[in-house]
Structures are given as structure tokens and as C-alpha cells.
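We name chains A, B, ... by the order of the sequence lines, and we start the count at 1 in each one. Keep in mind that this is a model prediction, so the values were computed, not measured.
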There are 2 protein chains.
Amino acid sequence: MNSLAYALLSMLVRKSCTGYELSQFLETFWQAKHSQIYPLLKKLEHADMLTFVYEHQTAKPDKKIYTITPKGKEVLSEWIGTKPSPPVSRDEFLIKAYAIWLTESETAIELFNERIDFYQKKIDFRIGIIAEIELQYGKQLLDPKASHFGRYILFKRKLKLEQDEVEWCQWVLSIIENFTDQSI
Amino acid sequence: MNSLAYALLSMLVRKSCTGYELSQFLETFWQAKHSQIYPLLKKLEHADMLTFVYEHQTAKPDKKIYTITPKGKEVLSEWIGTKPSPPVSRDEFLIKAYAIWLTESETAIELFNERIDFYQKKIDFRIGIIAEIELQYGKQLLDPKASHFGRYILFKRKLKLEQDEVEWCQWVLSIIENFTDQSI
DNA sequence: GTGGACATGTAATTGGTTACATGATTAG
DNA sequence: CTAATCATGTAACCAATTACATGTCCAC
């Protein structure tokens with residue numbers, strides 16, 4: 001049972017999904033590849049934590065809809081109370097930012113602008129989802145026992161993170177541009 | 001050449017270090033284990049990007065001090081301008097936060113409080129380092145061509161991240177505690 | 001006609017963690 | 001007397017990515 005397994009269970013406890021859907025929803029945590037998800041689902045099924053039914057589709061490939069079992073729900077619930085292992089974030093951009101003093105300012109400016117674009121797209125997407133959740137649930141969002149609570153607080157956190165990243169990039173860009181002006 | 005290799009080069013271009021020191025400094029990016037660092041340093045040395053000298057020590061084990069070569073510096077500089085691969089952050093705690101609606105509020109409160117402690121320690125450490133950097137370099141920090149620039153902007157970003165995490169946890173805690181009061 | 005969405009799977013390879021191995025010194 | 005710091009290394013194992021594989025429909 002690795003953390004990806006728990007991530008899958010935590011999504012399936014809210015609603016039954018296919019592996020394909022899970023690989024998309026998993027963006028919330030991190031982007032796992034389908035080649036890792038499909039074998040894991042099979043493993044969880046063999047461990048009696050999931051069951052599945054085939055759904056035949058014409059024009060589209062058939063799909064397997066996975067549902068969590070009582071055992072799966074129990075395993076997940078017990079895991080929540082255990083001490084989480086420390087977060088790891090591997091971000092190549094940060095290495096480049098650290099070594100940015102080695103490059104020309106044009107290279108640096110381009111790098112930071114691309115970072116802004118990358119996160120701006122995420123922000124737009126995130127704002128849309130949050131608006132949707134707020135519209136649908138309203139005041140109920142303050143109920144920590146409701147199944148959408150976790151999703152809501154998580155999206156709020158992600159949004160802040162992404163907005164801060166853009167702000168920070170703009171701050172760095174202002175320093176670089178300022179300095180470039182001075183040396184002309 | 002994976003991203004860890006570039007992370008090592010980006011630290012060594014600032015100053016020569018031992019593998020042991022690198023494993024500590026690498027906290028800035030992520031915590032790589034020594035079992036991954038030592039073989040990589042050897043590989044980079046064979047690729048003529050690093051050289052090393054032995055330093056004999058009494059009372060302490062001998063050490064190997066690695067220095068970047070012109071080739072290593074060139075490889076690193078060219079890499080900076082290339083498109084960075086998207087960031088990955090694996091955070092078990094976020095899965096637990098997502099599924100928090102399944103647990104008792106005491107469990108939830110404990111989980112979030114431990115998260116705050118974890119990040120508060122990081123904040124204290126980070127503020128110390130930033131103060132040190134600011135004291136030592138002052139106005140020069142606005143020079144993007146100075147070797148401490150990258151380190152400075154990176155630490156500023158990390159600090160904001162860590163402070164936001166604590167704020168977010170406190171916000172979630174306030175919702176949970178509020179709700180628990182109501183249901184008594 | 002080309003690329004993307006839908007949908008699932010396996011195989012090969014690389015990346016990363018845990019465990020094994022050694023050994024002196026110092027602080028609590 | 002026990003744990004931590006300094007210091008380097010290998011081996012075994014697990015996790016994750018890339019590549020291989022298949023097939024239809026729809027939009028541009």
C-alpha cells in the first residue's frame with residue numbers, strides 16, 4: 001500500500017470511477033501515469049478493496065467502473081489517522097532559478113514568463129472549479145463531515161499556491177528588468 | 001543527466017563541497033538520500049564535470065571535496081535555458097486532507113496541528129537564513145548576476161509557501177472547531 | 001489526413017528508498 | 001551508555017516514467 005493506492009481509494013470513496021477518470025482527477029494530488037494506475041487498481045481489486053463492473057460502449061472503448069468495498073473504506077479511514085510521511089516536491093524550475101545568475105537576462109526573463117503562463121492556466125482552471133463547488137454547495141461547505149469538504153479545502157490551498165507562484169515570478173522579473181535598465 | 005545531477009552542479013558552481021554537505025544543502029530543492037548522491041558524484045566525475053581531492057581528517061572520517069570543471073559549468077549553463085519539466089509534488093498529507101470527512105474531528109485536529117508544527121519549524125529556520133543573507137549582502141541582493149541571487153529568491157519563495165501552509169491549516173482548523181461547537 | 005479524446009493494458013528502464021556496512025567523537 | 005554528527009559507500013528493492021500496443025470517432 002503506497003500513497004498512490006490511498007489517493008485512488010480517497011477518490012473512489014466519493015464516487016465510483018474508471019481508471020481513466022482517476023488519472024485525470026489525480027491532478028489534484030500529482031499526475032500519475034495510467035501505466036501506474038491500471039496495475040494498482042488490479043492489485044487493490046485482488047486485495048478486496050475494490051470491485052469493478054464492465055461497461056460496454058459502442059464507438060468508445062469498453063470501460064471498467066471501479067467501486068470501493070467496505071474493507072477498502074475501512075483501510076482508508078484507518079490510514080488517515082496515521083502520521084503522514086514528509087512531502088516531496090521535485091521542481092526542476094527551482095534549480096534553474098537557483099542558478100539563474102549564470103545566464104543572460106533574456107533567458108531568465110523568458111524562463112520566468114513561461115512559468116507565469118504555466119501557473120496562470122492552472123489558476124483559471126482552479127477558479128472555475130471552486131466557483132462551481134461554491135455554487136453547488138454554498139454554506140454546507142463549512143461541514144467537515146460532508147464528502148466535498150476535503151476537495152474544497154484542497155482546491156482553495158492549491159489556488160493560493162498558484163497565485164503566490166505568479167506573484168513571486170513577477171517580483172523576480174521586476175528585479176531583473178530593473179537591473180538590466182540600470183546597466184544600459 | 002537527471003535533475004538531481006543539475007541540482008548538484010548548481011550547488012557546486014557556487015562553492016566546492018563534499019557529498020555530505022551537498023546532501024544537507026539539497027534540502028533547498030528536496031531531500032535526496034546519500035545513497036543516491038554518492039554514486040551520482042562519481043558518475044559526474046567520470047563525465048569530466050567534476051574533480052575531487054581527498055582531505056584527510058583525524059577524529060573525523062576523511063572526505064572528498066568536489067569541484068566543478070569548466071565543462072560542468074558549461075553543461076549547467078546550457079541546461080538552464082531549456083524548458084523545465086513540470087513540477088511534481090507528492091504530499092501524503094493532502095490525500096488525508098481530501099479524505100478528512102471520513103474521520104472524527106479529534107483526528108482531523110491532531111493531523112492539522114502536527115502539520116502546523118512541521119511547517120513552523122521550517123519557517124523559523126528559513127527566517128534565520130534569510131536574515132543572514134540580507135545582513136551579509138544587503139543591496140547587492142538586487143543584482144541578478146551575483147551568485148547568491150538565486151539562493152535568495154528561492155528562500156523567499158519557500159518562506160512564503162511555508163507561511164501560507166500554516167495559515168491555511170489554521171483556517172481549516174477554525175472551520176472544524178466551529179462546526180464541532182455547533183453540534184454539541 | 002492528422003491529431004486529440006476515449007479507454008486499457010504490458011515491458012523495459014530509470015529514479016529513489018531502505019537496509020547493510022564501518023568507525024571515531026562528543027553531548028546528554 | 002546511548003544517540004547524534006561526521007563521512008562514504010554498495011545492494012536490494014520498490015516506485016515511477018517512457019515506450020510499445022490497439023482501436024474508434026470526431027473535429028479541423
Would you please name every residue forming a ring pair (Phe, Tyr, Trp, His ring centres under 6.0 Å) with B:F93, sequence neighbours left out?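 With neighbours one apart ignored, the set is B:F112.
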
Which pairs with one or both residues in residues 110-119 of chain A pass side chain to side chain donor-acceptor pair (under 3.5 Å), sequence neighbours excluded?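 Residue pairs with at least one partner in residues 110-119 of chain A: A:D91-A:R115, A:R115-A:E165.
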
Mind jotting down which residue pairs meet the side chain to side chain donor-acceptor pair (under 3.5 Å) criterion with at least one end in residues 45-61 of chain B? Sequence neighbours excluded, please.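 Every side chain to side chain donor-acceptor pair (under 3.5 Å) pair that includes a residue of residues 45-61 of chain B, provided the two are not neighbours, is B:H56-B:D62.
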
Please give me every residue in residues 8-33 of chain B whose heavy atoms get under 4.0 Å of an atom in DNA chain D, ordered by residue number. B:T18, B:G19, B:Y20, B:Q24

Walk along DNA chain D from 5' to 3' and tell me the first and last nucleotide with an atom closer than 4.0 Å to a non-hydrogen atom of chain B. D:dT5 to D:dT17

Separation of A:Y66 atom OH from C:dA7 atom P, in whole Å?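 It is 14 Å, rounded to the nearest whole Å.
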
Linking directly or through intermediates, with side-chain heavy atoms under 4.5 Å: list the remaining ILVMFWY members grouped with B:V88, chain and number order.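 Besides B:V88, the cluster holds no residue at all.
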
Taking the hydrophobic residues Ile, Leu, Val, Met, Phe, Trp and Tyr, and joining any pair whose side-chain heavy atoms are under 4.5 Å apart, which ones share a cluster with A:I65?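 For the cluster that includes A:I65, the remaining residues are A:V53.
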
Check DNA chain C against residues 34-43 of chain A and give the residues with a non-hydrogen atom under 4.0 Å, in numerical order. A:H34, A:S35, A:Y38, A:K42

For DNA chain C, find the residues of residues 46-65 of chain A with a heavy-atom distance under 4.0 Å and give them by number; none if there aren't any.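 Output list: A:Q57, A:K60, A:P61, A:D62, A:K63, A:K64.
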
Partners of B:W30 by side chain to side chain contact (heavy atoms under 4.5 Å, CB included), sequence neighbours excluded?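 Result, side chain to side chain contact (heavy atoms under 4.5 Å, CB included) vs B:W30: A:R90, A:I95, B:S3, B:L4, B:A32.
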
For A:T82, side chain to side chain contact (heavy atoms under 4.5 Å, CB included) partners two or more places apart: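 A:T82: side chain to side chain contact (heavy atoms under 4.5 Å, CB included) contacts with A:W79, B:K96.
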
Nearest 0.5 Å please: distance from the OG atom of B:S89 over to the CG atom of A:L161.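 These two atoms lie 8.0 Å from each other.
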
Start with the C-alpha gap between B:E92 and A:Y6, add the side-chain angles, then the distance that decides, and say whether side chain to side chain donor-acceptor pair (under 3.5 Å) holds. CA-CA 9 Å; B:E92 240 182 58; A:Y6 292 107; over 6 Å; no

Answer yes when B:E167 and A:R157 have at least one side-chain N-carboxylate O distance shorter than 4.0 Å, and no when they do not.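 Between A:R157 and B:E167 there is no salt bridge, as every charged N stays at least 4.0 Å from the carboxylate O atoms.
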
Answer yes when A:K158 and A:E27 have at least one side-chain N-carboxylate O distance shorter than 4.0 Å, and no when they do not. no

What is the bend of the helix from C:dG1-D:dC28 to C:dG28-D:dC1 when you compare the axis at one end with the axis at the other, using five pairs each and rounding to 10°? 50°

